[in-house]
Amino acid sequence: MDCKAFSSLARKEFDLFRNQDENFKCKVHIRKDVNIMMVSQGELYIPEDYKLSEIDAKGLIQHEVGTHVLTYHNGLQQPLKQLSIGLADYDPLQEGLAVMAEYLVDALTPNRLRTLAGRVIAGEAVKEGGDFQEIFRLLTLTYGFSPERAFNITSRIMQGGGFLKDIIYLKGLVDLRKYLQEGGDYESLLAGKFALKHTKIIEELTERKVLKKGALRPSYLLNEESTKRIKLIRDGLPISQMITK
């Protein structure tokens with residue numbers, strides 16, 4: 001799929017959000033001056049030369065739009081506007097939810113999960129003082145990553161002297177799985193951008209009507225398949241079996 005095909009998928013999700021809440025004003029942009037897909041203040045930016053597979057597109061829509069765009073808008077509708085930007089340490093839960101969304105639409109591929117694990121390995125190597133070549137060799141020679149994938153992982157992790165945010169995707173997924181297995185509610189996590197440690201106070205403030213329930217629901221929660229998949233997680237489905245077949 002090219003950028004236009006992907007933007008068409010994204011706009012369908014944006015239309016769904018507008019139908020749920022007339023206050024939703026965010027837009028999709030195709031740009032020449034961005035080199036990665038990103039969400040900024042609820043706006044989705046897609047590089048003009050972007051290409052990806054259909055299965056990756058299916059997962060990425062829910063990662064970027066169904067999670068990051070949605071929680072930005074839901075947070076913006078709260079009396080506490082900071083929930084649109086994010087409370088302290090919100091990143092792991094955000095990325096955990098985003099990766100979980102990929103699983104819930106059956107688009108968490110083996111390569112995707114392997115890449116997330118590779119980022120953790122690379123992050124640990126950065127913390128131990130590894131340089132670019134050492135990390136690249138670690139990924140290719142020890143863990144069997146292709147040179148292209150190893151280069152991409154190493155390039156990301158070495159940004160600015162060490163971009164350790166990349167390790168939180170897998171950490172966030174692990175923590176979210178534990179939360180769900182302990183009986184935590186899933187949909188309430190989409191009411192804004194916050195950390196798992198904030199869930200009790202968020203729930204209390206919602207019960208007291210200080211905060212609101214999320215104005216938007218992602219499309220994957222509108223079908224029964226996601227409910228079944230969340231139940232599998234609660235019942236102990238291992239991460240290795242979360243990948244799409």
Side-chain angles (χ1 to χ4, degrees), residues 1-31 33-34 36-48 50 52 54 56-87 90-105 107 172 176 185-195 198-199 202-203 205-227 229-230:
M1 300 183 71
D2 61 13
C3 67
K4 291 183 179 178
F6 184 81
S7 68
S8 178
L9 290 180
R11 288 189 174 96
K12 288 181 181 178
E13 295 295 313
F14 277 50
D15 288 342
L16 174 68
F17 292 168
R18 269 186 285 273
N19 288 335
Q20 293 182 54
D21 185 0
E22 62 182 11
N23 294 316
F24 183 79
K25 306 295 184 185
C26 300
K27 297 178 181 179
V28 179
H29 308 268
I30 296 176
R31 297 284 291 266
D33 58 347
V34 297
I36 59 170
M37 185 179 303
M38 64 182 204
V39 172
S40 177
Q41 295 187 331
E43 306 276 309
L44 178 65
Y45 295 88
I46 307 170
E48 189 178 55
Y50 202 71
L52 73 171
E54 288 189 15
D56 287 340
K58 183 180 177 182
L60 201 55
I61 284 290
Q62 297 308 328
H63 183 112
E64 300 293 351
V65 179
T67 305
H68 297 324
V69 172
L70 180 142
T71 52
Y72 171 81
H73 177 79
N74 281 350
L76 199 62
Q77 306 313 302
Q78 299 284 6
L80 180 60
K81 302 301 182 186
Q82 184 66 24
L83 284 168
S84 67
I85 306 300
L87 301 185
Y90 78 95
D91 282 317
L93 177 56
Q94 268 293 291
E95 300 304 346
L97 285 167
V99 177
M100 183 66 75
E102 297 176 41
Y103 157 72
L104 292 176
V105 295
L176 177 56
D185 179 65
Y186 183 87
E187 191 165 350
S188 62
L189 301 178
L190 301 174
K193 297 179 186 289
F194 50 87
H198 299 129
T199 53
I202 294 292
E203 289 171 3
L205 291 176
T206 303
E207 288 175 5
R208 292 166 55 187
K209 304 197 182 303
V210 175
L211 296 178
K212 307 173 185 177
K213 292 185 177 180
L216 303 179
R217 299 184 76 206
S219 59
Y220 63 81
L221 286 184
L222 303 179
N223 64 70
E224 293 184 1
E225 183 60 29
S226 62
T227 302
R229 285 178 166 266
I230 291 174

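Listed by chain and number, the residues in a side chain to side chain donor-acceptor pair (under 3.5 Å) with Q20 amount to none (sequence neighbours excluded). Under the side chain to side chain donor-acceptor pair (under 3.5 Å) criterion, N19 pairs with no residue at all, not counting sequence neighbours. Under the rule for a side chain to side chain donor-acceptor pair (under 3.5 Å), S40 has no partner lying at least two apart in sequence or in another chain. The side chain to side chain contact (heavy atoms under 4.5 Å, CB included) test applied to T206 returns I202, L211, K213, not counting sequence neighbours. Scanning for salt bridge (charged side-chain N to carboxylate O under 4.0 Å, His left out) contacts around R18 gives D15, with sequence neighbours left out. Considering only residues two or more places apart in sequence or on other chains, Y186 meets the side chain to side chain donor-acceptor pair (under 3.5 Å) condition with Y220. Listed by chain and number, the residues in a side chain to side chain contact (heavy atoms under 4.5 Å, CB included) with L222 are L16, R217 (sequence neighbours excluded). D185 pairs by the salt bridge (charged side-chain N to carboxylate O under 4.0 Å, His left out) definition with nothing, not counting sequence neighbours.
Panel note: side chain N74, backbone A215; a donor-acceptor pair is recorded below 3.5 Å.
The two residues G66 and P218 make their nearest non-hydrogen contact at O-CB, 3.8 Å. In terms of heavy-atom proximity, G42 sits nearest to V69 at O-CG1, 3.6 Å.
In this structure, CG on L221 lies 7.0 Å from OG1 on T227, to the nearest 0.5 angstrom. Considering CD1 of I61 and CZ of F6, their distance stands at 3.5 Å, rounded to 0.5 Å. The structure places CD of E203 at 8.0 Å from CG of L189, a figure rounded to the nearest 0.5 Å. Distance check: E13 CD to L216 CG gives 11.0 Å after rounding to the nearest 0.5 Å. To the nearest 0.5 angstrom, M38 atom CE is 9.5 Å from L44 atom CG.
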Could you list the donor-acceptor pairs under 3.5 angstrom formed between side-chain atoms of residues 22-30 and any protein atom two or more places apart in sequence or on another chain?
unit_1, atom_1, unit_2, atom_2, d
N23, ND2, D21, OD1, 3.3
K25, NZ, E22, O, 3.2
H29, NE2, E43, OE1, 2.5

Result block: side-chain N/O donor-acceptor pairs under 3.5 angstrom for residues 75-87, not counting sequence neighbours:
unit_1, atom_1, unit_2, atom_2, d
Q77, NE2, H73, O, 3.4
Q77, NE2, H73, ND1, 3.4
Q78, OE1, K212, N, 2.7
Q78, NE2, A191, O, 3.2
Q78, NE2, K212, O, 2.7
K81, NZ, L76, O, 2.8
K81, NZ, Q78, O, 3.3
Q82, NE2, G86, O, 2.9
S84, OG, K81, O, 2.8

For residues 94-104, dump all side-chain donor-acceptor pairs below 3.5 Å to protein atoms at least two apart in sequence or in another chain.
unit_1, atom_1, unit_2, atom_2, d
Q94, OE1, H68, ND1, 2.9
Q94, OE1, T71, OG1, 3.2
Q94, OE1, K193, NZ, 3.0
Q94, NE2, T71, OG1, 3.1
E95, OE1, H63, NE2, 3.2
E95, OE1, H68, NE2, 3.3
E102, OE1, R112, NE, 3.0
E102, OE2, H63, ND1, 2.8
E102, OE2, R112, NE, 3.4
E102, OE2, R112, NH2, 3.0
Y103, OH, R229, O, 2.9

- Where do L9 and M1 land on the side chain to side chain contact (heavy atoms under 4.5 Å, CB included) test, with the steps shown first? CA-CA 10 Å; L9 290 180; M1 300 183 71; 3.5 Å; yes
inquiry  = Does R11 form a side chain to side chain contact (heavy atoms under 4.5 Å, CB included) with S7? I'd like the steps, not just the answer.
reply    = CA-CA 6 Å; R11 288 189 174 96; S7 68; 3.0 Å; yes
* List the steps, then state whether side chain to side chain contact (heavy atoms under 4.5 Å, CB included) holds for Y50 with I36. => CA-CA 8 Å; Y50 202 71; I36 59 170; over 6 Å; no
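Checked for salt-bridge contact, R31 and D33 meet the test: a charged N lies under 4.0 Å from a carboxylate O.
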